[in-house]
Asks: 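The following block contains the structure, expressed as structure tokens.
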Amino acid sequence: QVQLVESGGGLVQPGGSLSLSCRVSENIFNFNDIAWYRQAPGKEREFVADINVGGNKKYAGSVEGRFTISRDNAENTVYLQMNSLEPEDTAVYYCRARILGQNFWGQGTQVTVSS
């Protein structure tokens, strides 16, 4: 069974930065793409960013220019560098790996942006 483990969440002040990691139990090139989603209290889970097997990246408009997705192939890890954080970025952040229409999710990591 594919396992994804997120880490790096925490409490940060507005304007600060955090880096999230998603370690995958298999070679990340086995997947069509790996993405970050987030879910704020009382809201639906929403797309944040993804990177496909070819290295192409996509971002939600709300994070474009502030967040950067990257990967370390040797470590089977995908990162999300988050800069200029805002209170509206507060959410549980989830990593999702997709292959042939099947999705695998991590357990999530909490990010709280507050002064």
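Since the structure is predicted, the reported quantities are computational estimates derived from the model, not experimental observations. Hydrogens, waters and symmetry mates play no part in the numbers below; they use all other heavy atoms, side chains included.
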Asks: If I take atom CZ from residue Phe47 and atom OG from residue Ser62, how far apart are they, to the nearest 0.5 angstrom?
Replies: 10.0 Å
Asks: Nearest 0.5 Å, what's the NZ-CD distance between Lys57 and Glu64?
Replies: 11.5 Å
Asks: Do you know which two heavy atoms are closest between Leu4 and Cys22, and how far apart they sit?
Replies: CD2-SG, 3.7 Å
Asks: What are the two closest heavy atoms between Ala40 and Ala91, and how far apart are they?
Replies: N-CB, 3.8 Å
Asks: For Gly9 and Val111, work out which heavy atoms get closest and say how close.
Replies: CA-CG2, 4.1 Å
Asks: Between the side chains of Asp72 and Thr77, is a donor N or O closer than 3.5 angstrom to an acceptor N or O?
Replies: no
Asks: Test the Arg45-Tyr94 pair against the cation-pi criterion, namely NZ or CZ under 6.0 angstrom from the six-membered ring centroid and within 45° of the ring axis.
Replies: yes
Asks: Linking I/L/V/M/F/W/Y whenever their side-chain heavy atoms sit closer than 4.5 Å, directly or via other members, would Phe31 and Tyr79 fall into one cluster?
Replies: no
Asks: Is the gap between the ring centers of Tyr37 and Trp105 under 6.0 Å?
Replies: yes
Asks: Between Gln81 and Ser19 (side chain of the first, backbone of the second, donor and acceptor by atom type, cut-off under 3.5 Å), is there such a pair?
Replies: no
Asks: Quick one: pull up CH2 in Trp36 and CD1 in Ile51 and give me the separation to the nearest 0.5 Å.
Replies: 12.5 Å
Asks: Report the distance from atom CE of Met82 to atom OG of Ser84, rounding to the nearest 0.5 Å.
Replies: 11.5 Å
Asks: What's the separation between atom CZ in Arg71 and atom CD1 in Ile28, rounded to the nearest 0.5 Å?
Replies: 5.5 Å
Asks: Step by step, work out the side-chain contact (heavy atoms from CB on, under 4.5 Å) result for Val78 and Ile69.
Replies: CA-CA 7 Å; Val78 173; Ile69 190 169; 3.8 Å; yes
Asks: Is Asp33 paired with Lys58 through a side-chain N to carboxylate O contact shorter than 4.0 Å?
Replies: no
Asks: Quick one, Thr109 and Ser7 - any side-chain contact, counting heavy atoms below 4.5 Å?
Replies: no
Asks: To check you understand the geometry: which heavy-atom pair defines the closest contact between Ser17 and Asn83, and what is its length?
Replies: OG-OD1, 2.9 Å
Asks: What distance separates Arg38 CZ from Thr90 OG1, expressed to the nearest 0.5 Å?
Replies: 9.0 Å
Asks: Does Gln39 have more than 12 heavy atoms from other residues, nucleotides or ligands lying within 6.0 Å of its CD?
Replies: yes
Asks: When you check the side-chain N and O atoms of Thr112 and Gln110, is any donor under 3.5 Å from an acceptor?
Replies: yes
Asks: Can a donor-acceptor pair be found, under 3.5 Å and without considering hydrogens, that links the side chain of Glu6 to the backbone of Gln107?
Replies: yes
Asks: Would you indicate whether the side-chain heavy atoms of Tyr59 and Val48 approach each other to under 4.5 Å?
Replies: no
Asks: Kindly indicate whether the side chain of Ser114, heavy atoms from C-beta on, has any atom under 4.5 Å from the side chain of Pro87.
Replies: no
Asks: Side-chain heavy atoms nearer than 4.5 Å, only ILVMFWY residues, links allowed to pass through others: does that put Tyr93 and Phe104 together?
Replies: yes
Asks: Are side-chain heavy atoms of Glu86 and Arg66 found at a separation under 4.5 Å?
Replies: yes
Asks: Is there a side-chain contact between Val53 and Asn32, using heavy atoms and a 4.5 Å cut-off?
Replies: no
Asks: Could you tell me whether Arg98 and Asp50 have a side-chain N and a carboxylate O separated by less than 4.0 Å?
Replies: no
Asks: Verify the cluster assignment for Ile99 and Ile34: are they in a single hydrophobic cluster under the rule of side-chain heavy atoms below 4.5 Å apart?
Replies: yes
